[in-house]
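Sequence lines set the chain letters: A, B, ... in the order given, protein chains first and strands last, and positions in each chain run from 1.
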Amino acid sequence: MSKDKREPVTLKNIRRIWSVFFVALFLFFFFSADFSRMKGYQVGLFLQADPLVWLAGLLTGWTVYTGMALALFIIVPTLFLGRFFCSWICPLGIMNQWISRLWPGRRRAEDYSMNEYRPLFRLKYYILAALLALAAMGSLQIGLLDPIALIHRSFIISVGPAADLGLGVIYQRPQLFLGGALIGALFIALILANRHSPRFWCRALCPLGAMLGVISLGSVYRIRRDVDKCTDCNKCLRGCQGACDPQGALRIAECHVCMNCIDDCPEDALTFGVPEERSSIHAPLDVNRRRLMETAVAAAALYPIMKSSLTGETTAQAAVIRPPGSLAEPDFLRRCIKCAMCMRACPTNVLQPALLEAGFEGLWTPVLINQIGWCESHCVMCGQVCPTGAIMPLTVQQRAGTPGKAPPMKLGTAFYDRGRCLPWAMNVECIVCEEVCPTSPKAIWFEVKEITNRDGSTRKLKMPYVDPKLCIGCGICENKCPVRDKAAIRVTSVGETRSKTNQMLLGK
Amino acid sequence: MTSSLRKTEQDMLDRRQFMKRAAGLCAGAAGAAGVSWIASSDAPVRHAAEKIYTLPTFGAEGTIHPRLAIVHGADPVTMVKAAVDRMGGITRFIKPGEKVVIKPNVAWDRLPEQAANTNPLVVAAVVQLVMEARPSSVVVTDVSLNDPLRCFDRSGIRQAAEQAGAKVWIPGANDFRSANLDGELLKVWPVSRAFLEADRVINIPMVKHHSLCGSSLAQKNWYGILGGRRNQLHQNIHTSIADLAGAMRPTLTVMDATRSLMANGPTGGSLNDVKVFDTIIAGTDEVAIDSYSMGLLGADPATVEFMEMSQKRGLGVIDWRSAGFVEFSV
Ligand code: SF4
Ligand code: SF4
Ligand code: SF4
């Protein structure tokens with residue numbers, strides 16, 4: 001059959017429809033992951049179905065946390081069909097593919113070389129080895145480069161807020177994020193890398209792609225080339241997304257199963273299926289085992305180094321205030337994949353991607369910065385959307401406690417800076433902190449003191465104090481304090497419910 | 001020979017090019033001079049002049065009616081209607097086609113029974129009554145202290161207002177305009193757009209305790225029209241309240257004293273601090289309304305600084321009995 005007449009229902013076109021669907025679904029979940037829109041949508045679906053998160057989490061936490069078994073829906077088909085995830089489902093991969101088309105100036109001949117396999121593409125296997133070696137030691141750094149975590153983080157922290165400056169419909173209020181420009185710049189670099197070669201990220205860097213590639217090594221269904229029909233015209237390279245040599249010995253671990261080559265072949269020499277008598281041979285996985293071992297060992301060696309640095313895990317850190325329901329710091333770091341879903345759902349923008357406050361391991365994990373927002377005392381949104389259980393899903397009751405029975409969740413404790421506090425330092429009336437304190441009875445109380453003014457006259461003023469037993473560390477006092485640049489009352493992590501050691505008071 | 005001829009051609013070409021380039025440079029220089037002439041200014045940075053708004057007066061016409069209607073009862077809908085009817089009916093306050101803005105207290109992320117926000121049933125009752133006057137729009141709005149979406153949802157006020165036919169509007173970061181409040185202390189402040197665009201404004205505060213100034217009532221409820229760093233107002237809260245009450249003269253005030261927060265205000269949180277009064281106080285004199293309400297909280301209005309200030313400024317009378325009132329049960 002000749003390819004003169006264009007058939008509409010080809011595998012390639014079916015793939016295109018799915019890819020549009022999944023990108024749209026990703027954008028819909030991104031849009032919906034907040035208090036007013038969530039309404040039971042499974043907004044973390046992509047993260048829960050991510051095989052790399054599944055595997056790395058299994059290595060660090062020894063559990064498949066609720067919902068993560070969904071990854072089997074990707075892993076099992078990959079065993080039979082190859083890396084279809086990359087061009088059918090992965091929003092980052094598909095977006096990369098679309099963006100690659102923005103550089104159309106290439107000549108046709110050049111087009112082919114753009115899609116040739118390069119030894120550089122081995123890099124992703126080494127990245128995967130390094131991340132998994134670290135995970136096996138107990139440090140979860142997968143989120144730095146896992147494509148699903150990466151695209152969520154990039155959208156939530158940089159692309160979304162930037163777009164919303166013009167649109168104003170995504171977030172409830174303009175969002176500010178610590179180091180958002182860095183996350184944005186990395187995302188832009190990743191997009192621009194498509195100029196080097198299409199889908200540069202997927203081909204050279206993506207650890208999930210590497211993992212799926214390895215899983216697909218034994219797949220039965222794959223692109224098969226009929227050596228008799230093939231005239232070696234190389235036209236199949238024109239749209240090849242994986243750069244997997246369909247014109248020669250196919251590299252199955254590189255193939256994205258995009259099906260473009262089948263349509264591009266004028267001789268009908270390519271099919272997707274089981275091998276036939278005249279099918280070409282396939283190339284083995286192109287990695288240097290020695291190098292692989294070296295990278296893994298080097299990464300593993302990083303572990304004791306990280307564990308002997310000063311971090312929120314080794315020593316309590318004042319600024320490492322975690323959202324309510326967070327696991328104790330060592331466990332938290334074993335679960336959090338830096339996806340930023342919690343930051344998307346947070347109504348006040350208080351959740352921020354840490355830079356080095358929590359140590360290198362804690363890069364981009366959520367911490368509360370009360371100058372930007374505060375933790376609403378009856379909100380449990382972040383735990384609802386966290387896909388990994390780093391923040392456990394709480395009920396409002398669990399969070400707020402039951403008077404006389406269960407104490408409320410405590411994130412830290414507020415402290416007065418009497419040198420900055422208006423009544424304490426300047427004889428000026430204030431106690432905004434007391435007004436907004438949400439506990440009942442209020443953790444902030446005051447004493448009416450008679451004070452002497454500069455001119456010798458006296459008057460009565462309300463002097464605020466914190467009752468550390470009642471303070472839940474929500475930070476609304478810090479946020480609403482009129483001393484704007486560095487509040488006169490500030491929360492630090494001490495007393496947090498999740499830690500046994502970061503405590504200051506004797507007994508309860 | 002040929003070579004010299006070529007050279008001449010090239011020379012000519014160069015000369016033409018030179019002329020072109022010189023012309024271009026001159027044009028560029030003239031352009032730069034022009035720009036610096038047009039844009040020359042004493043100001044290092046150019047900003048568009050900011051428009052300063054003033055708050056309209058929303059007051060109702062007619063003085064023959066009682067200025068206070070105190071109604072006891074169990075059903076907010078009948079209570080609100082009865083109160084307003086005794087004051088001349090809703091058509092006295094709202095004319096067909098007018099834009100009505102209703103300002104309950106929706107400051108906190110609290111449940112209705114915790115009595116930290118206006119009772120949603122009272123909000124619904126007022127909206128329902130206002131709808132009878134056929135206004136062109138009814139908007140329920142506030143500037144909350146907690147996250148506004150949570151406040152409106154969990155207080156039950158969004159649902160109550162929307163079911164009764166009003167639109168809930170939450171101001172965004174760009175919805176504030178500078179307005180001159182012309183007070184003793186408060187001059188130009190960012191004010192929520194809704195209040196600058198309204199024809200009529202109805203205040204629906206509630207009765208609650210407040211540590212700094214004793215109580216949070218009708219006049220204090222106008223904190224909720226402000227944006228910006230309004231937490232500075234605490235530094236002189238009495239003057240701030242009187243200034244706001246002077247700047248914001250509503251058409252009608254309906255005080256919700258169905259249940260009140262007696263302690264740990266203004267946030268509350270415990271049901272033990274809630275006391276039921278089953279009372280609505282409608283009126284056109286906010287000072288008198290606040291004065292009556294303070295009585296419910298067990299406070300003496302005569303000793304409260306902002307009350308005295310407001311009375312002195314002619315905003316109303318502390319002795320509510322002298323304001324002309326009716327009191328009855330339904
Ligand atoms: S619980 Fe606190 S930190 Fe978590 S989403 Fe809600 S407000 Fe943000
Ligand atoms: S804590 Fe936040 S960033 Fe970490 S995995 Fe959970 S949702 Fe993602
Ligand atoms: S709000 Fe700030 S300045 Fe005012 S009393 Fe509290 S800590 Fe002091």
Part of D34(A) lying under 4.5 Å from any heavy atom of chain B: neither

Cationic tip of K275(B) above F277(B) ring, under 6.0 Å, 45° of axis: no

Geometric cation-pi criterion, R344(A) with F30(A): 6.0 Å, 45°: yes

Between [options], which has the largest tally of heavy atom pairs under 4.5 Å with chain B?
options: I431(A), V428(A), T348(A), I476(A); answer: I431(A)
options: K462(A), E435(A), E429(A), K480(A); answer: E435(A)
options: P423(A), G168(A), S377(A), P438(A); answer: P438(A)
options: A400(A), C379(A), C437(A), P174(A); answer: C379(A)

Top residue by heavy-atom pair count (under 4.5 Å) with chain A, among [options]?
options: P266(B), G269(B), G268(B); value: P266(B)
options: S270(B), S216(B), A116(B), A173(B); value: S270(B)
options: D147(B), L145(B), D109(B); value: D147(B)
options: S211(B), G265(B), A263(B); value: S211(B)

Any donor-acceptor N/O pair, N203(B) side chain to M255(B) backbone, under 3.5 Å: no

With a 4.5 angstrom heavy-atom cut-off, which part of [X] approaches chain A: side chain, backbone, both or neither?
X: R230(B); value: neither
X: R150(B); value: both
X: D273(B); value: side chain
X: D153(B); value: side chain

Closest contact, heavy atoms only, L470(A) versus P441(A): CD1-O, 3.8 Å

Pair K39(A)-S36(A), side-chain donor/acceptor within less than 3.5 Å: no

M307(B) side chain near M294(B) side chain, heavy-atom distance below 4.5 Å: yes

Pairing of K103(B) and D142(B) as salt bridge, 4.0 angstrom limit: yes

Parallel, tilted or perpendicular, as decided by the 30° and 60° cut-offs, for the rings of Y465(A) and W424(A): perpendicular

Spacing of I204(B) atom CD1 and N221(B) atom CG [to the nearest 0.5 Å]: 9.0 Å

